[in-house]
Amino acid sequence: MAKESRMVENKMEKAKKQKEVMITGEEEIYQRRFEKYHDELRWLYMELYQNGSMFSELCDKMKQFYLERNRELKDLDFQREACSDWYKQNDLLGMMFYIDNFAKNLKGVEEKLGYIEQCSVNYIHLMPFLETPEGRSDGGYAVSDFRKVQEKLGTMEDLESLTAACHKKGINVCMDFVMNHTSEDHEWAQRARKGEGEYMSRYFFFDNSYIPSLYEKTVPQVFPTTAPGNFTWIEDAKHFVMTTFYPYQWDLNYKNPRVFNEMLYNFLYLANRGIDIIRIDAVPYIWKELNTPCRNLPQVHTIVRMMRIISEIVCPSVLLLGEVVMEPEKVVPYFGTVEKPECHMLYNVTTMATTWHTVATRDVRLLKKQLDIVNALPKEYVFLNYLRCHDDIGWGLDYQTLKMEGIEERAHKKYLNDYFQGYAGESNSRGELYNSDPVTGDARFCGTTASMCGIEKAGFEQNDAAMEKAIRFDIMLHAYMFMQSGIPVLYSGDEIGQVNDYTYKENPNKAADSRYIHRGAMNWELAKNSSDLKTVEGKLFLGLKQLEEIRKSEKVFVSYADTWTIETWDASILCIGRYWEGEKLIGIFNFSETDKTAWINETDGEYIDLISKREMKASGVDIPAYGFYYLKKKSVD
């Protein structure tokens, strides 16, 4: 017994020493990263806050979060440190969805990973799932607890189980980090409402309207009709509080270093749950200064740069995705520089809106100009491209260019909204307006990709010919999106052509928000048709799957490939070229409902259409209504 006891003790001692060696090794890795970035991080922090004790606390907490990070996530960190451009390849395809709409809860999503793999998706964006008050959540963007999952969706343990299961299948997980504001039900807000000075200082509180009135002179309104103004009077607190978005979303005061530290602790806590991509919501808004628009201020970039540094030290496999709703040339500062990067990826919002402008006008000129601007940017910059997402479509187009063509902004916005509601331009689209302002004539549009392409209308009218054309249009738009430089992202349901869901009007918590028209629940009965080419769902699913397989197999789709547009001499035909390491691909897309000829003149050899496998000349190409080609130059043996 004594011998056996000594053997057990020896094993325990050996295991303890191995653990100590491992911890020592991990601490050395951490120290190496920390020393690499310490001076810059301290300089940025002190420039913003002049508070050495708070900086010391931040550094201590960073190490604590690193040590708490599990073995699998640390291994992923090492892998991605060794291949820092892993996300710039041609194999990433995203899909975004609301957890409850997609599979009821987090466990349900884990059970549906097989379907996600069938979609060729390896990057899922889980729409906001942290705790929010029912009826005052803004779709989940009014967070009341950054470390608790909504009860109906599961628990943090369920989230960790899902991310671990995803990593085993090579699937990345993205989530929203809403750092501009909290819910009025957040603990900080509740304590601030009670008059606790420590917590009032974490927001923007004023006991009279004078300072708020000065802000209102220079700060634009986000929702002038549904939530006018930038401040809300809190009756029980007898104070105004800044509420840029909705009255129940209180803006955080990042001039207070406690706010920055605590929010970064939340950031690292979520990263340690296995999140790979953290989408920073409403990035341009997070720093406020009187007598400014409170948008895109220099301090915002200091904060984002510090976030990037902190993630590089603690969790270098995690990517930062910035939600910056501006033209591509204006969002560039949010990438930072090659030497001092900020966000890894940004949304290509303006190109998305310009795409639908092109659909309504059958005129690719503005889109071509937009793509030329994006293609001229440094290849280090990675954009996420999409046709539809959870949000509305705001018509933030290049109206200076359109004005040169005789198109006035107000009249054009009205035409676009009328078109997509099905009222003008021989439209087959269906959808609804959001935040319509009768004074300015401004409004945003809501609808699914399928409904905007005519699938809803064709199905309602039981018109088979119209349905075939609508399906072809839908697939063509996805093929065009895949040709853009960056990472394509699908909105869940688009892969099977789900149409608008008007039942949101029956829910009192959703009825006033028409964005829920395109946030309908996943129809799993229709998804069963995904392999049946006789069905709408099968034609779309298999059509998109073919595009996805082509993208993953052709190296010209890497994010840093040369990309350019080619003149077609027809306003309704877009042509995009891609080139990488000796391979060339030409994409041709007909945005009109009639057959056309693309008068391109690529006479540098023979081409093969990757869709039909037909050999073709890349000159004087006849292209059917809403049709497209992926023409790959044949190699010379």
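The analysis underlying the following values was restricted to heavy atoms, covering all of them including side chains, and did not include hydrogens, waters or symmetry mates.
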Original post:
Looking just at side-chain N and O atoms, do R279 and Y347 make a donor-acceptor pair shorter than 3.5 Å?
Top reply: yes
Original post:
Hey, what do you get for CD1 (I277) to SG (C174), rounding to the nearest 0.5 Å?
Top reply: 5.5 Å
Subject >> side chain to side chain donor-acceptor pair (under 3.5 Å) between Q546 and Y630, worked out >> reply: CA-CA 12 Å; Q546 184 181 20; Y630 275 174; over 6 Å; no
**OP:** Work out which heavy atom in D158 is nearest to a heavy atom in G154; give both atom names and the distance.
**Re:** OD2-CA, 3.3 Å
Original post:
Are any non-hydrogen side-chain atoms of M62 and L41 less than 4.5 angstrom apart?
Top reply: yes
Subject >> Beyond-backbone contact of K88 with K379, side-chain heavy atoms, under 4.5 angstrom >> reply: no
Original post:
Where does the angle between the aromatic ring planes of F335 and F383 fall among parallel (under 30°), tilted (30 to 60°) and perpendicular (over 60°)?
Top reply: perpendicular
**OP:** Determine the interplanar angle of the Y66 and Y30 rings, folded into 0 to 90°, and report it as parallel if under 30°, tilted if 30 to 60°, perpendicular if over 60°.
**Re:** tilted
**OP:** For the residue pair R71 and E26, establish whether any side-chain heavy-atom pair is separated by less than 4.5 Å.
**Re:** yes
Subject >> Non-hydrogen side-chain atoms of N590 and P624 separated by less than 4.5 Å >> reply: no
**OP:** Mind checking the NE2-CG spacing from H125 to L384? Nearest 0.5 Å is all I need.
**Re:** 9.5 Å
**OP:** Please name the pair of heavy atoms, one in Y265 and one in F65, separated by the smallest distance, quoted to 0.1 Å.
**Re:** O-CZ, 3.4 Å
Subject >> S451 side chain vs N500 backbone, donor-acceptor pair below 3.5 Å >> reply: yes
**OP:** Please answer whether the main-chain N or O of I550 pairs with a side-chain N or O of S553 as donor and acceptor at a distance below 3.5 Å.
**Re:** yes
Original post:
If you measure from NZ on K368 to OG1 on T358, what distance do you get to the nearest 0.5 Å?
Top reply: 12.5 Å
**OP:** For the pair D398 (side chain) and L366 (backbone), establish whether a donor and an acceptor sit closer than 3.5 Å, ignoring hydrogens and angles.
**Re:** no
Subject >> Any side-chain heavy-atom pair of Y386 and N348 under 4.5 Å >> reply: no
Original post:
Can a salt bridge be assigned to the pair D501 and R519 using a cut-off of 4.0 Å between side-chain N and carboxylate O?
Top reply: no
Original post:
Is it true that a side-chain atom of K584 and a backbone atom of D604 form a donor plus acceptor pair closer than 3.5 Å?
Top reply: no
Original post:
Looking at CG of L270 and CG of L159, how far apart are the two atoms once the value is rounded to the nearest 0.5 Å?
Top reply: 8.0 Å
**OP:** To the nearest 0.5 Å, tell me how far S429 OG sits from M452 CE.
**Re:** 5.0 Å
**OP:** Would you sort out whether R388 and Y491 count as a side chain to side chain donor-acceptor pair (under 3.5 Å), showing the intermediate values?
**Re:** CA-CA 6 Å; R388 291 297 295 114; Y491 190 70; over 6 Å; no
Original post:
Hey, are the side chains of Y269 and M156 touching, using non-hydrogen atoms and a 4.5 Å cut-off?
Top reply: yes
Subject >> Non-hydrogen side-chain atoms of M352 and I393 separated by less than 4.5 Å >> reply: yes
**OP:** Measure the shortest side-chain to side-chain distance between L371 and V374 over non-hydrogen atoms and say whether it is less than 4.5 angstrom.
**Re:** no
Original post:
Do Y334 and H301 pass the ring pair (Phe, Tyr, Trp, His ring centres under 6.0 Å) test, and can you show the C-alpha distance, the side-chain angles, and the key distance before you say yes or no?
Top reply: CA-CA 7 Å; Y334 287 90; H301 296 284; 4.4 Å; yes
Original post:
Is it the case that Y626 and D474 place a side-chain donor and acceptor less than 3.5 Å from each other?
Top reply: no
Original post:
Does the side chain to side chain donor-acceptor pair (under 3.5 Å) test come out yes or no for S161 and E110, once each step is laid out?
Top reply: CA-CA 8 Å; S161 175; E110 189 170 342; 2.9 Å; yes
Subject >> Nearest heavy-atom neighbours spanning R69 and K74 >> reply: O-CE, 3.1 Å
Original post:
Can you tell me if N90 uses its side chain to pair, donor with acceptor, with the backbone of R551 under 3.5 Å?
Top reply: yes
Original post:
Is the backbone N or O of I573 less than 3.5 Å from a side-chain atom of T568, with the two atoms forming a donor-acceptor pair by type?
Top reply: yes
Original post:
Do the side-chain N and O atoms of D609 and S612 include a donor-acceptor pair separated by under 3.5 angstrom?
Top reply: yes
Subject >> Given E583, E606, E615, the one that forms salt bridge (Lys or Arg N to Asp or Glu O under 4.0 Å) with K632 >> reply: E583
Subject >> Heavy-atom donor-acceptor pair, N122 side chain to L93 backbone, under 3.5 Å >> reply: yes
**OP:** For N385 and S485, indicate whether the former's side chain and the latter's backbone hold a donor-acceptor pair under 3.5 Å.
**Re:** yes
Original post:
Between L126 and D176, is a side-chain contact (heavy atoms from CB on, under 4.5 Å) present by the stated rule, with each step listed?
Top reply: CA-CA 8 Å; L126 306 176; D176 293 84; over 6 Å; no
Subject >> Derivation and outcome, side-chain contact (heavy atoms from CB on, under 4.5 Å), residues F541 and L526 >> reply: CA-CA 11 Å; F541 188 91; L526 291 180; over 6 Å; no
**OP:** Without swapping roles, check the side chain of T163 against the backbone of R273 for a donor-acceptor pair under 3.5 Å.
**Re:** yes
**OP:** Inspect the surroundings of NZ in K555 and state if more than 12 heavy atoms from other residues, nucleotides or ligands are less than 6.0 Å away.
**Re:** yes
Original post:
Are the side chain of W86 and the backbone N or O of E81 linked by a donor-acceptor pair below 3.5 Å?
Top reply: no
Original post:
Do the ring centers of Y560 and W580 come within less than 6.0 Å of each other?
Top reply: yes
Original post:
Can you say whether the rings of W395 and F420 are parallel (under 30°), tilted (30 to 60°) or perpendicular (over 60°)?
Top reply: parallel
Original post:
Hey, is K36 close enough to E312 for a salt bridge, meaning N to O under 4.0 Å?
Top reply: no
Subject >> Between Q484 and Y480: side-chain donor-acceptor atoms closer than 3.5 Å >> reply: yes
Subject >> Basic-acidic side-chain contact under 4.0 Å: R515, D138 >> reply: yes
Subject >> From L92 atom CG to I171 atom CD1, the distance as rounded to the nearest 0.5 Å >> reply: 11.5 Å
Original post:
Aromatic ring centroids of F445 and W356 under 6.0 Å?
Top reply: no
**OP:** Report yes or no: do D392 and H518 form a side-chain donor-acceptor pair below 3.5 Å?
**Re:** no
Original post:
Looking at K633 and E602, does any basic side-chain N land under 4.0 Å from a carboxylate oxygen?
Top reply: no
Subject >> Over all atoms of both residues, closest heavy-atom pair of C453 and L477 >> reply: SG-CD1, 3.6 Å
